[in-house]
Amino acid sequence: MTSPFSRDNLDLATSAQELADSAPAGSLRHAAAASVAITCATTRDNDHARSTLDGIAPDDVRQAALELFDQLSGRAG
């Protein structure tokens with residue numbers, strides 16, 4: 001169950017896509033934001049999205065994506 005302060009996945013996907021669109025192509029920020037956008041758009045809830053992001057490779061993109069997801073979703077990390 002989500003908390004009253006958590007954002008739903010489609011809202012997170014939209015925010016992440018906006019960040020990806022504004023980041024330089026090929027940058028770590030772009031890769032991380034695009035990963036979060038796609039993951040949030042295709043998973044059922046925040047817990048499912050976070051566990052799916054754990055499988056991203058390479059490591060630097062995974063770490064950046066998890067940090068961005070936590071920031072956008074209001075998680076402590």
Side-chain angles (χ1 to χ4, degrees):
M1 179 172 237
T2 59
S3 77
F5 301 108
S6 67
R7 298 171 64 191
D8 71 24
N9 277 23
L10 292 180
D11 186 32
L12 291 172
T14 299
S15 295
Q17 186 61 52
E18 290 169 356
L19 291 172
D21 290 345
S22 68
S27 68
L28 179 59
R29 179 104 173 142
H30 182 266
S35 296
V36 172
I38 292 165
T39 300
C40 287
T42 58
T43 53
R44 64 186 172 273
D45 58 33
N46 285 353
D47 290 337
H48 186 208
R50 184 114 186 10
S51 67
T52 300
L53 288 169
D54 281 329
I56 291 176
D59 292 340
D60 59 340
V61 175
R62 178 177 52 250
Q63 186 60 40
L66 288 169
E67 289 172 7
L68 179 60
F69 176 80
D70 288 346
Q71 176 187 357
L72 291 174
S73 67
R75 287 180 176 237

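Just so it is clear, the structure is predicted and the values come from calculations on it, not from any experiment.
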> What distance do Asp45 atom CG and Ser51 atom OG have between them, rounded to the nearest 0.5 Å?
Replying inline: 8.0 Å
> How long is the gap from OG1 on Thr42 to NE2 on His48, to the nearest 0.5 Å?
Replying inline: 7.5 Å
> What is the minimum heavy-atom distance between Ile56 and Ala65, and which atoms define it?
Replying inline: CD1-CB, 4.1 Å
> At their closest point, which heavy atom of Val36 faces which heavy atom of Ala16, and how far apart are they?
Replying inline: CG1-CB, 3.7 Å
> Do Asp47 and Arg50 sit within salt-bridge range, that is, some charged N less than 4.0 Å from a carboxylate O?
Replying inline: no
> Is there a donor-acceptor pair under 3.5 Å between the side chain of Asn9 and the backbone N or O of Asn46?
Replying inline: yes
>> The test is side-chain hydrogen bond (donor to acceptor under 3.5 Å, both in side chains); show your working for Glu67 and Gln71 and say whether it passes.
In response: CA-CA 6 Å; Glu67 289 172 7; Gln71 176 187 357; over 6 Å; no
> Which heavy atom in Ala20 sits nearest to a heavy atom in His30, and how many Å separate them?
Replying inline: O-CD2, 2.9 Å
>> Could you see if Leu66 belongs to whatever hydrophobic cluster contains Ile38? Use Ile, Leu, Val, Met, Phe, Trp, Tyr and a side-chain cutoff under 4.5 Å.
In response: no
> Do you know which two heavy atoms are closest between Ser15 and Leu72, and how far apart they sit?
Replying inline: CB-CD2, 4.2 Å
> Which heavy atom of Leu53 sits nearest a heavy atom of Ser35, and at what distance?
Replying inline: CD2-O, 4.0 Å
> Looking at Thr52, Thr39, Leu12, which hits side chain to side chain contact (heavy atoms under 4.5 Å, CB included) with Phe69?
Replying inline: Leu12
